[in-house]
2 protein chains.
Amino acid sequence: MPRTGRPRAFNRDEAVTAAMHLFWEHGYESTSLAQLRAAMGDISAASFYAAFESKEALFREVVDEYISSYGQVSESFRDTSIPPRAAIEQGLRRSAKMQTERSHPLGCLLVLSAVTCSPEQNHIQEMLAKERERVRSWLKACIDRAVANGDLTDSTDIAMLVTLFETFLRGISSQARDQVPYEEIDSAITQLMKVWDILSAKTGDQGKI
Amino acid sequence: MPRTGRPRAFNRDEAVTAAMHLFWEHGYESTSLAQLRAAMGDISAASFYAAFESKEALFREVVDEYISSYGQVSESFRDTSIPPRAAIEQGLRRSAKMQTERSHPLGCLLVLSAVTCSPEQNHIQEMLAKERERVRSWLKACIDRAVANGDLTDSTDIAMLVTLFETFLRGISSQARDQVPYEEIDSAITQLMKVWDILSAKTGDQGKI
DNA sequence: TGACTTCTGGATCGATTAGTATAAAATTAA
DNA sequence: TTAATTTTATACTAATCGATCCAGAAGTCA
């Protein structure tokens, strides 16, 4: 927060949000500085670099902003106040809901905005891969908890279950981009969760849950 | 096939294959003409345009080549010589196998190579979307057949089932890119197919299949 | 007021983008 | 041998890429 000097002529937060929508829609590399500056309030190149340092620095800021807003849907996976099964189901449903909303680009920014890029931008891919890995670790922790709880047996193939849910979760981004409506994905989730019930039903304690 | 004139100094088919690997790995827009020409045997710009007309025309050719080679794994979905359930299972397993092979870029070219792009290349996205839609229609036909067969009840939510398998299928591309091994995806498929068995078990005729 | 600080408009940077013009080279057919 | 055909190397577009420079505008502070 500068106390002196000429005040900024544009709203920085709004500019970041505008940039987020562009990166989300078109991806990191395919979004040009010219597009960004236009969407951020027709700001000049000088203003852009004074406020954001570089395209890459802006993107990192955008990713942080995404994670702490839209990305919150995956926080369900690490919500230990609800049973593991409910946490996973909620995480999937909220992700599907968010990714199909029309008020912003379809799909997940972390999954889509740098799936492919030139070799020079490999670190951008790796940065997003790390964020996706975090979500995956929450999913795993969730299933670990279920095994510890006794919701799932000790013999449960944890890696397999993580991959099952995670693969579906990643697929939502692609489906959302192809205009598959929320309702269809939502019913698919209902069906997918029955896999869990099959496994938990096999647990010794009782026949059904 | 020109009958006269100076013979081409490079192998056209090999050049297309090299281009396919680049587009597959880095995506349509992020693959530059310079990269392509280098990988296609260090050919000159003149040779490139004489043989392929444009970057876009080459990409279309690459997509055709992909579909008739690696893309054949999804042909399982329309193989009516095997039962619908087996067709789907085989399609998923073969896709997972192919997408995790290390002899070529990871994931599926149709899903990855233009998920995001600049507005000017929207027609490229749409072209790939059409190809993905074809695969989806085969999946749907497969499930329609199962309902017609009596493998699944008339009350089966077909759209939901298509979305369930298709979402998982799309997710494989993302998982493969993140280095998830084939074996894990394969066991997840085994588990996913149990959803089918739940539904088919409910069919009147007998209790289990 | 004047010193200090920060931001902005406009011109510009070198590198790279996809694509082209031209003429020589290499082949076949007559 | 000569004409016709096609591909080649080389040089070159115009446009765009991300990024920078500088002078002046617009504030705060003493």
Side-chain angles (χ1 to χ4, degrees), chain A residues 1-16 18-19 22-23 26-62 113-114 116-125 127, chain B residues 1-16 18-19 22-23 26-62 113-114 116-125 127:
Chain A
M1 285 294 164
R3 289 168 32 258
T4 72
R6 179 172 174 172
R8 189 173 282 127
F10 63 94
N11 182 308
R12 203 182 183 284
D13 291 342
E14 286 175 12
V16 170
L22 273 184
F23 281 131
H26 305 294
Y28 176 71
E29 276 194 318
S30 294
T31 304
S32 71
L33 253 292
Q35 284 178 279
L36 286 168
R37 284 164 37 211
M40 293 163 100
D42 263 310
I43 64 176
S44 70
S47 300
F48 177 91
Y49 285 97
F52 302 102
E53 188 190 355
S54 70
K55 182 185 179 181
E56 181 170 335
L58 170 63
F59 184 69
R60 290 183 189 270
E61 206 169 312
V62 158
S113 67
T116 58
C117 68
S118 52
E120 297 80 35
Q121 255 66 48
N122 250 322
H123 55 290
I124 297 280
Q125 279 188 319
M127 173 212 177
Chain B
M1 288 294 162
R3 289 170 29 259
T4 72
R6 179 171 173 172
R8 189 173 282 130
F10 62 96
N11 184 307
R12 202 182 183 284
D13 291 342
E14 286 174 14
V16 169
L22 274 183
F23 281 133
H26 306 294
Y28 176 70
E29 276 193 320
S30 295
T31 304
S32 71
L33 252 292
Q35 284 179 278
L36 286 167
R37 283 166 37 210
M40 293 163 99
D42 263 311
I43 64 176
S44 70
S47 299
F48 178 91
Y49 285 97
F52 303 103
E53 187 189 356
S54 70
K55 181 184 180 182
E56 181 171 336
L58 169 64
F59 185 69
R60 291 183 188 271
E61 208 169 310
V62 158
S113 67
T116 58
C117 69
S118 53
E120 296 80 34
Q121 256 65 48
N122 250 321
H123 55 288
I124 297 281
Q125 280 188 318
M127 173 212 176

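Predicted model only: the values in this text are computed from it and were never measured. Scope of the values below: all heavy atoms of this structure, side chains included, with no hydrogens, waters or symmetry mates.
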What does [X] touch in the nucleic acid at a heavy-atom separation under 4.0 angstrom: a base, only the sugar-phosphate, or nothing?
| X | result |
| --- | --- |
| B:F10 | sugar-phosphate |
| B:S118 | nothing |
| B:A9 | sugar-phosphate |

Among D:dG18, C:dC7, C:dG9, the nucleotide that comes nearest once only the side chain of A:S44 is considered: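 Closest nucleotide among those given: C:dG9.
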
Out of C:dA18, D:dA9, D:dC21, whichever nucleotide has its closest atom nearest the side chain of A:A46: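 Looking only at side-chain atoms, A:A46 lies closest to D:dC21.
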
DNA chain C: 5'-proximal contact among B:R6 and B:R37 (nearest heavy atom):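 So the residue in question is B:R37.
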
Between atom [atom1] in [X] and atom [atom2] in [N], what is the gap in whole Å?
| X | N | atom1 | atom2 | result |
| --- | --- | --- | --- | --- |
| A:R12 | C:dC7 | CZ | P | 10 Å |
| A:E120 | D:dA19 | CD | P | 13 Å |
| A:K55 | D:dA19 | NZ | P | 8 Å |
| B:F48 | C:dT17 | CZ | P | 13 Å |
| B:L36 | C:dG19 | CG | C1' | 13 Å |
| B:Q121 | D:dT16 | CD | C1' | 13 Å |
| A:F52 | D:dG18 | CZ | C1' | 16 Å |
| B:E56 | C:dT17 | CD | P | 18 Å |

Gap between atom CD of B:Q125 and atom NE2 of A:H26 - 0.5 Å precision: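 Answer for the NE2-CD pair, A:H26 versus B:Q125, is 8.5 Å.
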
B:R12 and B:E61 ion-paired at < 4.0 Å: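 Salt bridge between B:R12 and B:E61, a charged N being under 4.0 Å from a carboxylate O: yes.
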
Can a side chain N or O of [X] be found less than 4.0 Å away from OP1 or OP2 on [N]?
| X | N | result |
| --- | --- | --- |
| B:S47 | D:dT8 | yes |
| A:Y49 | D:dT20 | no |
| A:S32 | D:dC17 | yes |
| B:T4 | C:dT27 | no |

Heavy atoms of other groups near A:E56 CD, more than 12 under 6.0 Å: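 Check passes, neighbour count above 12.
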
Parallel, tilted or perpendicular: ring planes of A:F23 versus A:F59, cut at 30 and 60 degrees: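 A:F23 and A:F59: perpendicular rings.
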
Main-chain N/O of B:S118 paired with B:E29 side-chain donor or acceptor, under 3.5 Å: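 Yes, because the side chain of B:E29 sits within donor-acceptor range (under 3.5 Å) of the backbone of B:S118.
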
